[in-house]
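Structure first, then comments.
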Amino acid sequence: MSALTFPILQVLSDGKFHSGEDLADRFDVTRATVWNAIQHAENLGVEVFSVRGRGYKLPQAVDMLDEQVVLTAIGEQRAWFNLQLLDEVDSTNSYLMKQAAKGAPHVTCVAAHIQTSGKGRRGRIWVSHLGASLTFSLLWRFNCGAAALSGLSLAVGVALMRAFQQLGVQGVSLKWPNDVLYDNKKLAGILIELQGDMDGPSAAVIGVGVNLRLPEKVLKRIDQPAIDLASIGVGVNQGELLGTLLRHLAEVLRTFEEDGFVALRAEWLSYHVYHNRPVRMLMPDGRDVHGTVRDVAEDGILLVETALGMQRFSAGEISLRTGT
Ligand code: BTN
């Protein structure tokens, strides 16, 4: 670990060459200390070009999270948020789950430049690298128990869609329960972890990962078709994206806690890529169930018309694919 790694990466984030000597002078350390800090960055998976006579350089410019940019994009509600921007963490969800258990306040948001063990749904890993994806988690405390939160993950999808629309990102849709797709490829994912009693007060840690600019070698490590904002021509600043997402999350979560998912259901259906389309449900026991998606219930259960009639599917271990 080197305390200088991220200050140096901040300098290198312009994508230009910076000599070891300049960096050493700037931080009042030796060139060997700069080299050690760069080594740590490389251990974290950051590619740093090192060219004799020219210095160090990132493959391309990276926009680092800036607190002021995030707060400005949140807008009027910004004072409400307890925002923590971390350089590196295992997983913003794991970190915030621990903070929540220790009493972190409602509406705490933790974002990180690098996650070393990002988690996806169904035990997957969420691959992320510096500048490649926006990774953050939001803590929301509910008076109701965890049992009443079954539609929450779909509600969060609505917030993401509203944020993408505000930012002018066209052609994005949702896939039940809560994948954000573009051209049938995954653009963003949501992982919600709960704390508390089934019927007492509860807390949700809502983790969101948005692909920003995935290098080819990162894309190859992802086990499903994925896409990023850069390749669909969206060059939004990471802080502005985070602030916009938080603003819409807060609005949607307030609607959800007051009126439940039912208040967001029609909007969710309008975003669902498989609405009234044939699908194949991959069941945990290896079976395939074919049918046509007809609706979603107030608790987020998917209603699929099959040969056996209307069947209800709850998220968890089920995977949804196009049926054609
Ligand atoms: C999915 O599988 O679609 C869910 C992906 C969720 C990834 C985000 S990144 C920020 C937060 N921290 C994690 O470890 N996971 C979530």
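Every number for a ligand or one of its atoms is a count from 1 in the order of the listing.
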Please say whether more than 12 non-hydrogen atoms of neighbouring residues, nucleotides or ligands are located less than 6.0 Å from CD in Q165.
yes
Can a donor-acceptor pair be found between the side chains of N93 and S137 at a distance below 3.5 Å?
yes
So which protein residues pack against ligand 1 under 4.0 Å, heavy atoms counted?
S91, T92, N93, Q115, G118, K119, G120, R121, W126, T135, F136, S137, D179, K186, G189, I190, L191, G207, V208, G209
Should the pair E76-R247 be classified as a salt bridge under the 4.0 Å nitrogen-to-oxygen rule?
no
How about R122 and S319: does a side-chain donor come under 3.5 Å of a side-chain acceptor?
yes
Donor-acceptor pair, distance only, cut-off 3.5 Å: does the side chain of T292 make one with the backbone of V304?
no
Do W176 and H272 have ring centroids that are under 6.0 Å from one another?
no
